[in-house]
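Notes follow the structure.
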Amino acid sequence: MHAYRTHNCGALTKENIGETVRLSGWIHRKRDHGGVLFVDLRDHYGMTQVVAKEGSEWLDLLDHMPNESVLTVTGEVVYRGDDAVNPKLATGEIEVVADDVVVQSRAKELPLPVAGEQEYPEDIRLKYRFLDLRRETLHKNIMTRVAVVSDMRERMKAAGFNEFSTPILTASSPEGARDFLVPSRIHAGKFYALPQAPQQYKQLLMVAGFDRYFQIAPCFRDEDPRADRLPGEFYQLDLEMSFVTQEEVWDTMEPVIAGTFEAFANGKHVTPSGSFPRIPYAEAMLKYGSDKPDLRNPLIITDVTSHFTTSGFGLFEKIVGSGGVVRVIPAPNTHEKSRKFFDDMNDWARKEGFAGLGYVTCKGGEFGGPIAKNHGQEGMEALYAELGLGENDGCFFAAGKESDAAKLAGAARIRVGEQLDLIDKDRFELAWIIDFPFYEYDEDEKKVDFSHNPFSMPQGGQEALETQDPLTINAYQYDLVCNGYEIASGSIRNHKPETMVKAFEIVGLSKADVEEQFGGMYRAFQYGAPPHGGMAAGVDRIVMLLCGAQNLREITLFPMNQKAEDLLMGAPSKPEPKQLRELHLRVVEPVKKEGEGA
RNA sequence: GCGGGUGUAGCUCAGUUGGUUAGAGUAUCGGCCUGUCACGCCGAGGGUCGCGGGUUCGAGUCCCGUCACUCGCGCCA
């Protein structure tokens, strides 16, 4: 007989009755009835009830063995009896009578119970991640993640993509996020950087003629986290294709993404491949106030600026007069809502740092609230007619500078949708957001800058760069969104060196700068570069959506906390002086704030 | 860097207007219990109320500071 097990803890059924088997696993829970003791023995595959009866030499040992201790149990499989069957358990018809027990590993008192689905403090969960990972939901989420990654890989291979690995130690890139740096021992004062994404490598693979690349790629960015953004490192389904238009990238990836979603959606609706809406960025910002709209939310924002060029409501008239805009977020069927509902929305907007959120109530066709009063009955009727609002629909107003108003309207759209419970949780609504602007005006630096990706191809190419107002140029740049999350981003790349130089010139960088900062790629483009493009999908976010988790830590094996610390391994840690010497480094502690220390 | 929330037993939480000895569940330990599956019953141990300062006759409760965890803003091509 095998030293540890003949079956796993989820395997035994009525078929095995009468067999002598050996199981190994953790003590999930025990139930002591004096003369009879039940032990739920758990492993990765399931749970089996072990029983020790009166007179058993193992009864006392098992009774005093702490939960989560690891045992090997040998004994006969018996039927539980008609009254004792547990239909909730796959092995619920049988149990194993303990004939021999070996304690492989005794557990101390647990800082974090494994059985049960209670919530526990984040720091304890992270410090004892190995225990947390034994718990049912997290264990299951991780296995879903494994299956999703495997599924994506199969679909990509089937679509003709080849999987490549690219370097982890690379060069710092001046664009984008803050890099993680790795000091060089051999080159004093020089550093490698961990890749923020394999962007340049995958483009070089296209130049090298490999045609279709993909990778489940680790990416490293030293930025502050969010619930949907892990600190430090995360994974992308990264891909690149040669000789393609952006439509071909979309057409290629829709079946992959929709296919993976459908495979793990548990019957929830998924936008079918071939019918992902393609929404221009400008339209998304107007209608949804966001470049990652949640299309489960039925509310649509409308611009009503023209209604307020002359209005009894002085504040909006003034905002419109000085070049601002007014946007409306409908609040359908709110005639029964109290004044508090509307006032609370305004308070919320102020708390979020906006000037305020106006509102109009409407009950049986009768308008209420200060805006309606001042704007006048006729004006309100015209407004409602244009918006198609009914006699019991209220609405909210976001007014101000266009970018601020759009942002507020977008946030308010989400909040109104939540408050009125308009969002269908059982859907995955996928859409492409396309035609992102190539440049944007940087208010802080007072200059034009790249708005997204400097490697993407401006629509209109070299000619647009030479003749158009830079702020009106769009890029062949697109995102994929799902339920309010950006789950992928990509573009057709700029493979023409002279266009690259021109594009960088507009943000104030010279040809020499381009050669210095993107030397490898710039050189590559001199020797025959295929037109190419691709995208990268956030594996973590997709898994989070598919698991119904609110937080990336719920789908990640060993995440760091919000301060980018690994509480289990103790990273980051102080190096030994010898290590620093070898790396030619000296630590300069930050200056302490006033009033601290001696 | 900034703003919000939370912090009371190993863990999950309650704790009234500031008022006597800070409670419950669970876990741990001891006892009882022959069919449970979140078993049940009896008992015991377990507290720097995150930390520091202040107000007060008196602080878990009020005020200031600080730390930890977290959510958001900035940031994230």
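Just so we're on the same page: letters track the sequence lines, and every chain starts at 1.
- Between C11(B), U70(B), G72(B), one nucleotide has an atom nearer to the side chain of Y120(A) than all others, and that is C11(B).
- Listed candidates were U34(B), G74(B), C71(B). Nearest to the side chain of R226(A) is G74(B).
- Of the nucleotides present, none pairs with A59(B) by Watson-Crick or G-U wobble criteria with both distances under 3.5 Å.
- The side chain of N551(A) lies closest to C71(B), out of C71(B), A38(B), C11(B).
- Annotation: side chain of Y288(A) is in contact with side chain of I279(A) (closest heavy-atom distance under 4.5 Å).
- Side-chain proximity of R80(A) to the nucleotides G35(B), C76(B), U28(B) is greatest for G35(B).
- Residue N561(A) is classed as a sugar-phosphate contact, given heavy-atom separations below 4.0 Å to backbone atoms only.
- For the 3.5 Å distance criterion, the side chains of E122(A) and N561(A) fail to qualify, holding no donor opposite an acceptor.
- C76(B) is unpaired under the criterion used here, namely a Watson-Crick or G-U wobble arrangement in which both key atom distances are under 3.5 Å.
- Pairing for A24(B) is with U12(B), a Watson-Crick or G-U wobble pair whose two hydrogen-bonding atom distances lie under 3.5 Å.
- Applying the 3.5 Å distance criterion, the base of C75(B) shares a donor-acceptor pair with the side chain of R229(A).
- Rounded to a whole angstrom, the distance from the C1' atom of G5(B) to that of G50(B) is 16 Å.
- For the P atom pair drawn from G43(B) and U26(B), the interatomic distance equals 13 Å after rounding to whole Å.
- Comparing the P positions of U20(B) and C33(B) gives an interatomic distance of 42 Å, to the nearest angstrom.
- Residues F436(A) and I433(A) approach most closely at CE1-O, 3.3 Å, considering heavy atoms.
- Below the 3.5 angstrom threshold, one finds no donor paired with an acceptor across the side chain of D224(A) and the base of C76(B).
- For K53(A), no side-chain nitrogen or oxygen approaches OP1 or OP2 of U36(B) to under 4.0 Å.
- Across all strands shown, the partner of U66(B) is G50(B), judged by Watson-Crick or G-U wobble contacts whose two distances both fall under 3.5 Å.
- With a 4.5 Å cut-off on side-chain heavy atoms, H28(A) and N67(A) do not count as touching.
- The distance from atom CZ of F438(A) to atom CE of M457(A), rounded to the nearest 0.5 Å, is 9.0 Å.
- One cannot find a donor-acceptor pair under 3.5 Å joining the base of C69(B) and the side-chain atoms of D123(A).
- R553(A) places its CZ atom 11 Å from the P atom of C69(B), with the value rounded to the nearest Å.
- When distances are taken from the side chain of E95(A) to each of A38(B), U34(B), U36(B), the shortest belongs to U36(B).
- Look at E93(A) and K14(A) and you find a salt bridge, because one of the NZ, NE, NH1 or NH2 atoms lies within 4.0 Å of a carboxylate O, short of that distance.
- U55(B) sits 37 Å from G74(B) when the C1' atoms are compared, rounded to a whole Å.
- Listed nucleotides A68(B), U36(B), U70(B) differ in distance to A84(A); the shortest reach to its side chain belongs to U36(B).
- Straight-line distance from the CD atom of E122(A) to the P atom of G50(B): 20 Å, rounded to whole Å.
- RNA chain B is contacted by both L110(A) and P66(A); L110(A) maps to the nucleotide lying nearer its 5′ end (nearest heavy atom per residue).
- Across the interface with RNA chain B, nearest-nucleotide mapping of L112(A) and E109(A) shows L112(A) to be the residue nearer the 5′ end.
- Looking at the side chain of H33(A), the nearest of the listed nucleotides C73(B), C39(B), C37(B) is C39(B).
- With a 3.5 Å ceiling on both atom-pair distances, the Watson-Crick or G-U wobble partner of G43(B) is C29(B).
- With P as the reference atom, A68(B) and A24(B) are 33 Å apart, rounded to whole Å.
- For the P atoms, the distance from G3(B) to C41(B) is 49 Å, rounded to whole Å.
- Exactly one residue among L567(A), L131(A), L138(A) makes a side-chain contact (heavy atoms from CB on, under 4.5 Å) with R125(A). That residue is L138(A).
- Nucleic acid contact class of V50(A) (heavy atoms, under 4.0 Å, all strands): none.
- Atom CG in L552(A) sits roughly 14 Å away from atom C1' in C76(B) (whole-Å rounding).
- For the pair K127(A) NZ and C69(B) P, the interatomic distance rounds to 12 Å; values are reported in whole Å.
- Side-chain proximity of H64(A) to the nucleotides G30(B), C39(B), G74(B) is greatest for G30(B).
- Between F504(A) and F518(A), the ring planes lie tilted relative to each other; the angle falls in the 30° to 60° range.
- Taking atom C1' on both U17(B) and U56(B), the two are 15 Å apart, rounded to the nearest angstrom.
- Taking the side chain as every heavy atom from C-beta outward, R178(A) and R221(A) never approach each other to under 4.5 Å.
- Atom P of nucleotide G7(B) and atom CD of E119(A) are separated by 14 Å, given to the nearest angstrom.
- The side chain of K88(A) approaches A38(B) more closely than any other nucleotide in the set C11(B), A38(B), G10(B).
- Among the nucleotides C37(B), C75(B), U12(B), the one closest to the side chain of P121(A) is U12(B).
- L37(A) has its CG atom 13 Å from the P atom of G35(B), to the nearest Å.
- Atom CD1 in I94(A) sits about 15 Å away from atom C1' in U36(B), given to the nearest Å.
- Note on S456(A): nothing from the nucleic acid sits closer than 4.0 angstrom, heavy atoms only.
- Atom pair Q562(A):CD and C2(B):C1' shows a separation of 13 Å (rounding to whole Å applied).
- Residue contacts for K108(A): at a heavy-atom cut-off of 4.0 Å it reaches no nucleic acid atom on any strand shown.
- At the phosphate of U36(B), neither OP1 nor OP2 sits under 4.0 Å from any side-chain N or O atom of R31(A).
- The partner of G3(B), taking Watson-Crick or G-U wobble pairs whose two distances both stay under 3.5 Å, is C71(B).
- Distance noted for atom P between A22(B) and C71(B): 35 Å (whole Å).
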